[in-house]
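What follows is one structure encoded as structure tokens, with my remarks underneath.
Keep in mind that what you see is a predicted model, and the values were worked out from it rather than measured. Read the numbers this way: they start at 1 and go in the same order the structure lists the ligands and their atoms.
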Amino acid sequence: MIFDDISEKLQAGRARDVKALVQQAIDEGISAQDILEKGLVPGMNVIGEKFKNNEVFVPEVLVAARAMNQGAQLLKPLLAAEGVKASGKVCIGTVQGDLHDIGKNLVKMMMEGKGLEVIDLGTDVSPETFVETAKNEGCQIIACSALLTTTMGVMGEVVKKAEEAGIRDKVRIMVGGAPVTEEFCRKIGADAYTSDAASAADKALEFCTELAG
Ligand code: B1M
């Protein structure tokens, strides 16, 4: 099964093989979303479990992450083409102190696939940068990703800074990433938690439509 092959090559960090298999799957007419959700993401999840159990270490994780990103790059134009034109601007980033960007990049890709304009602030993004960008660029959405329990608290700071800057009623603040929960989202006063990239994109589109109406 091609999804298992993609997952295995990703785990082995074989970027070139992952790219070739992803291209093969595209040529076979498999949807970009299926390739992502049934091949690439499960492969990265296996690496995550092994990393947790000390069965693999940072170098292996990095080569797997590179393979993941290269495979995902091939899907980007397809995800975008599947989307409809929508009006809405999002600024997205991984919060301050946090360098994990694979999930954030997927969320970005899915949002672009919905026709939203996405400003990618990268990783290690301060609350001030999120808020200033949203204010200066007129973003309807601030999307924050965090993968560490030690950095997710920064999302609460983003909410506070948005209030201080007087833009809280104009933006919707979305949060996500492995340690983030619905309860945490409510606690910090953010507007939406979604558990995966596709739901994040759906929610962002919903917010933009609501704010435009
Ligand atoms: Co890091 N790391 N890491 N790491 N790493 C985790 C997160 C960890 C859970 C591993 C573990 O111990 N089990 C652990 C965190 C523990 C914790 O805080 N509870 C951890 C740690 C400890 C660390 C370091 C501290 C390790 C060290 O140096 N000792 C260090 C921190 C560096 C830093 O950030 N300051 C570190 C470093 C790294 C690498 C650089 C080696 C690499 C990152 C490479 C990169 O991103 N370019 C890395 C990786 C790859 C991982 C794991 C293995 C995989 C993360 C990943 O990309 N998953 C991870 C273990 C795991 O998650 N199981 C781990 C795949 C990705 C698709 O999933 O990002 O969750 P994810 O995104 C999902 C959803 O969460 C959601 O959508 C995506 C799927 O559709 N989502 C959103 C994400 N953002 C969203 C935003 C939204 C909505 C949904 O709305 C805005």
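- Some N or O of L99 is nearer than 3.5 Å to an N or O of ligand 1, by distance alone.
- With respect to atom 40 (C) of ligand 1, the closest heavy atom belonging to the protein is L62 CD2, 3.9 Å.
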task = Mind running side chain to side chain contact (heavy atoms under 4.5 Å, CB included) on E112 and K108 for me, showing each step along the way?
result = CA-CA 6 Å; E112 286 177 337; K108 177 190 170 192; 3.4 Å; yes

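- Between the CD1 atom of I92 and the OG atom of S145 there is a distance of 7.0 Å, given to the nearest 0.5 Å.
- Looking at S195 against ligand 1, only its backbone comes within 4.0 Å, counting heavy atoms.
- Considering backbone and side-chain N/O atoms, G97 comes within less than 3.5 Å of an N/O atom of ligand 1.
- D34 places no side-chain N or O within donor-acceptor distance of the main-chain N or O of I30, the cut-off being under 3.5 Å.
- Hydrophobic clustering, with ILVMFWY side chains joined whenever heavy atoms are under 4.5 angstrom apart, groups M1 together with L21.
- Hydrophobic cluster membership is shared by L78 and L74, with clusters built from Ile, Leu, Val, Met, Phe, Trp and Tyr side chains linked at under 4.5 angstrom.
- Here the protein heavy atom with the shortest distance to atom 26 (C) of ligand 1 is F51 CZ, 4.4 Å.
- Listed by number with element, the atoms of ligand 1 under 4.0 angstrom from any heavy atom of D98 are 34 (O).
- Between S145 and ligand 1, at least one N/O pair is under 3.5 Å apart.
- Of all the listed residues (M174, H100, K50), H100 holds the heavy atom that lies closest to atom 37 (C) of ligand 1.
- For T209 (side chain) and L205 (main-chain N/O), a donor-acceptor pair under 3.5 Å exists by modelled atom type.
- What sits closest to atom 63 (N) of ligand 1 on the protein, heavy atoms only, is G48 CA, 3.5 Å.
- Atoms of ligand 1 lying under 4.0 Å from any heavy atom of A197, numbered from 1 in the order shown and given with element: 77 (O), 79 (C), 80 (O).
- Note on I173: it clusters hydrophobically with L121, by side-chain heavy-atom contacts below 4.5 Å among ILVMFWY residues.
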query = So Q23 and D27, side-chain hydrogen bond (donor to acceptor under 3.5 Å, both in side chains) or not? Walk me through it.
reply = CA-CA 6 Å; Q23 189 59 55; D27 295 343; 3.1 Å; yes

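- Distance check: E49 CD to E55 CD gives 8.5 Å after rounding to the nearest 0.5 Å.
- Between the side chain of R168 and the backbone N or O of V171 there is at least one donor-acceptor pair closer than 3.5 Å.
- A side-chain donor-acceptor contact under 3.5 Å links S199 and D196.
- Ligand-side atoms of ligand 1 in range of V107: 82 (C), 85 (C), 86 (C), 89 (C), range being under 4.0 angstrom from any heavy atom.
- Distance check on atom 29 (N) of ligand 1: every protein heavy atom falls at or beyond the 4.0 Å cut-off.
- The parts of L147 lying near ligand 1 are both backbone and side chain, judged by heavy-atom distances below 4.0 Å.
- Across T149, T194, L147, V175, a single residue satisfies side-chain contact (heavy atoms from CB on, under 4.5 Å) together with V180, and that is V175.
- Close approach to A200 involves these atoms of ligand 1, each under 4.0 Å from a residue heavy atom: 88 (C).
- Taking every heavy atom of both residues into account, A65 and I102 meet most closely at CB-CD1, 3.3 Å.
- Closest protein heavy atom to atom 54 (C) of ligand 1: M44 CE, 4.2 Å.
- Considering backbone and side-chain N/O atoms, T149 comes within less than 3.5 Å of an N/O atom of ligand 1.
- Heavy-atom contacts from other residues, nucleotides or ligands closer than 6.0 Å to CD of E183 number 12 or fewer.
- Applying the 4.0 Å criterion to heavy atoms of G177 picks out, from ligand 1, the atoms 75 (O), 81 (N), 82 (C), 83 (C), 84 (N), 85 (C).
- With atom 47 (N) of ligand 1 as the reference point, the heavy atom nearest to it among L106, T94, D101 is part of D101.
- Distances shorter than 4.0 angstrom occur between a heavy atom of C144 and an atom of ligand 1.
- At the top of the distance list for atom 14 (C) of ligand 1, counting protein heavy atoms only, stands L148 CD2, 4.3 Å.
- The shortest contact between atom 42 (C) of ligand 1 and any protein heavy atom is with V61 CG1, 3.9 Å.
- Of all atoms in ligand 1, numbered sequentially from 1 with element shown, those under 4.0 Å from a heavy atom of A178 are 70 (O), 75 (O).
- Under a 4.0 Å criterion applied to the non-hydrogen atoms of T194, ligand 1 contributes the atoms 88 (C), 89 (C).
- With respect to M68, the side-chain contact (heavy atoms from CB on, under 4.5 Å) criterion is satisfied by exactly one of I47, V63, L10, N105: L10.
- A salt bridge is absent between K135 and E132; no separation between the charged side-chain nitrogens and carboxylate oxygens falls under 4.0 Å.
- Close contacts of ligand 1 with V58, meaning ligand atoms under 4.0 Å from a residue heavy atom, involve 41 (C).
- What sits closest to atom 71 (P) of ligand 1 on the protein, heavy atoms only, is G103 CA, 4.0 Å.
- Between atom 86 (C) of ligand 1 and the options A72, A143, G176, the minimum heavy-atom separation is to G176.
- Under the 4.0 angstrom criterion, atom 60 (C) of ligand 1 counts as having a protein heavy-atom contact.
- Within the 4.0 Å cut-off (strictly below), no protein heavy atom is located near atom 9 (C) of ligand 1.
- Of the possible polar contacts, none joining the D124 side chain to the T94 backbone as a donor-acceptor pair under 3.5 Å is found.
- Shortest contact from atom 12 (O) of ligand 1 to any protein heavy atom: K52 CA, 4.3 Å.
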